[in-house]
Amino acid sequence: METAQAYRTYKPLLFSLAYRMLGSVMDAEDIVHEAFLLLGAASDKTKINNIKAYLCKIVTNRCIDKLRSAAKQREVYIGTWLPEPIVEDDINDPSISLEKKETISTAFLLLLQQLTEVERAVFLLREVFQYDYDDIASIVGRSSTNCRQIFHRAKKGMMHRPDSVKPNDDHSNIYLEKFAQAVLDGNMDLVHAMLKKDAVFYSDGGGKVMAALRPIFSADHIARFLLGVITKLPANATYQFKNVNGSPGMIVMIDGRIDYVVSFEVNDGKIAKIYMVSNPDKLNHLNQ
DNA sequence: CTATCCTAGTGCGTGCGTTT
DNA sequence: AAACGCACGCACTAGGATAG
């Protein structure tokens, strides 16, 4: 198979694997790019009998290496870490064409963070990409029984998983628009009523811009916080509703640049979680 | 005071028994 | 026969104790 054809065939798959591993659009693209460079430079391609497995192996192992070298940095990450958001109408985003939107949800990616690098790789390859254990074994360089055990433990670790993310529908988008309007109007009662009592607000500024360092708990605190923040935004800020990581969301633009990407989790007709990314490094890929 | 040795705790891989 | 859960045992780590 030609490298170019392999690129068209496997790039979406490899990107979605790398993105879920890393939570970073730019790093995922770099690693996928590198993998194809290696494939192109391989002296004897006929020796590579399974191009898909070969590419998966390179990408997985590069991701594991990247995570290990980033582990130290992550320890000193300022505030809450959130994945780089994927905004749905970004036509460069190939992962959207793949099913399983819940596996790119912010909640899912945050849960993956709790796993070790290898656990994450095994879990994704098995749960999301339905590889069998023999293939996974050769990718991560462990025995297949071991991979089964790693998967078993990883799944157990994901067990205390909060309520799963419901897929977007028109209803939750309309709900979100109503909520945003209530915030803009400064309607404290309505904002409060639309939030679950035990809602949580996560914010990632990466220590570079103003952001809440710790998650904000309870409808009460979140409502107050949002109404406080909204008065500080400049008058020329504009708002657009988008799908962010498969969930209803919105972007806030100031002077033609995206400054905030917010996504929401709506459970039982109320907002349960809000994720706000304002770290400029994590919005770069959207502003190019 | 320091060095090394011991032990309790934890994490991880293997293999066996069970299920489908 | 393949997939799965579980328990066992090995290896590594940290914290404490004892000897030098």
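In what follows, every chain begins at residue 1, and chains take the letters A, B, ... in the order their sequences are listed.
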Of the options [options], whose atoms approach the side-chain atoms of [X] most closely?
X        : options               : value
A:Thr116 : B:dT14, B:dC12, C:dC4 : B:dC12
A:Arg153 : B:dG13, C:dC4, B:dT14 : B:dG13
A:Thr145 : B:dG15, C:dC6, B:dC12 : B:dG15

Sorted by chain and number, sequence neighbours left out, side chain to side chain donor-acceptor pair (under 3.5 Å) with A:Asp30 holds for none
Distance in angstrom units between [X] [atom1] and [N] [atom2], rounded:
X        : N      : atom1 : atom2 : result
A:Asp132 : C:dA2  : CG    : P     : 11 Å
A:Asp135 : C:dA2  : CG    : P     : 14 Å
A:Asn146 : C:dG9  : CG    : C1'   : 15 Å
A:Gln130 : C:dA3  : CD    : C1'   : 15 Å
A:Lys155 : C:dC6  : NZ    : P     : 13 Å
A:His152 : B:dG13 : NE2   : P     : 15 Å
A:Phe151 : C:dA3  : CZ    : P     : 12 Å
A:Asp134 : C:dA2  : CG    : C1'   : 10 Å

Side chain of [X], base of [N]: donor and acceptor closer than 3.5 Å?
X        : N      : result
A:Gln149 : B:dC12 : no
A:Arg142 : B:dG13 : no
A:Arg148 : B:dG13 : no

Open item on the list: Would the distance check show the side chain of A:Asn187 and the main-chain N or O of A:Leu190 forming a donor-acceptor pair, the cut-off being under 3.5 Å?
Closed with: yes
Original post:
Taking only N and O in the side chain of A:Tyr133, is any of them less than 4.0 Å away from OP1 or OP2 of C:dC4?
Top reply: yes
| field | Residues A:Tyr133, A:Asn146; criterion side-chain hydrogen bond (donor to acceptor under 3.5 Å, both in side chains); working and verdict | value | CA-CA 9 Å; A:Tyr133 286 116; A:Asn146 188 13; over 6 Å; no
- Query: Do A:Tyr275 and A:Glu265 pass the side-chain hydrogen bond (donor to acceptor under 3.5 Å, both in side chains) test, and can you show the C-alpha distance, the side-chain angles, and the key distance before you say yes or no?
  - Reply: CA-CA 9 Å; A:Tyr275 304 97; A:Glu265 232 180 272; 3.1 Å; yes
Considering only heavy atoms from C-beta outward, does the side chain of A:Val140 approach that of A:Cys147 to under 4.5 Å? yes
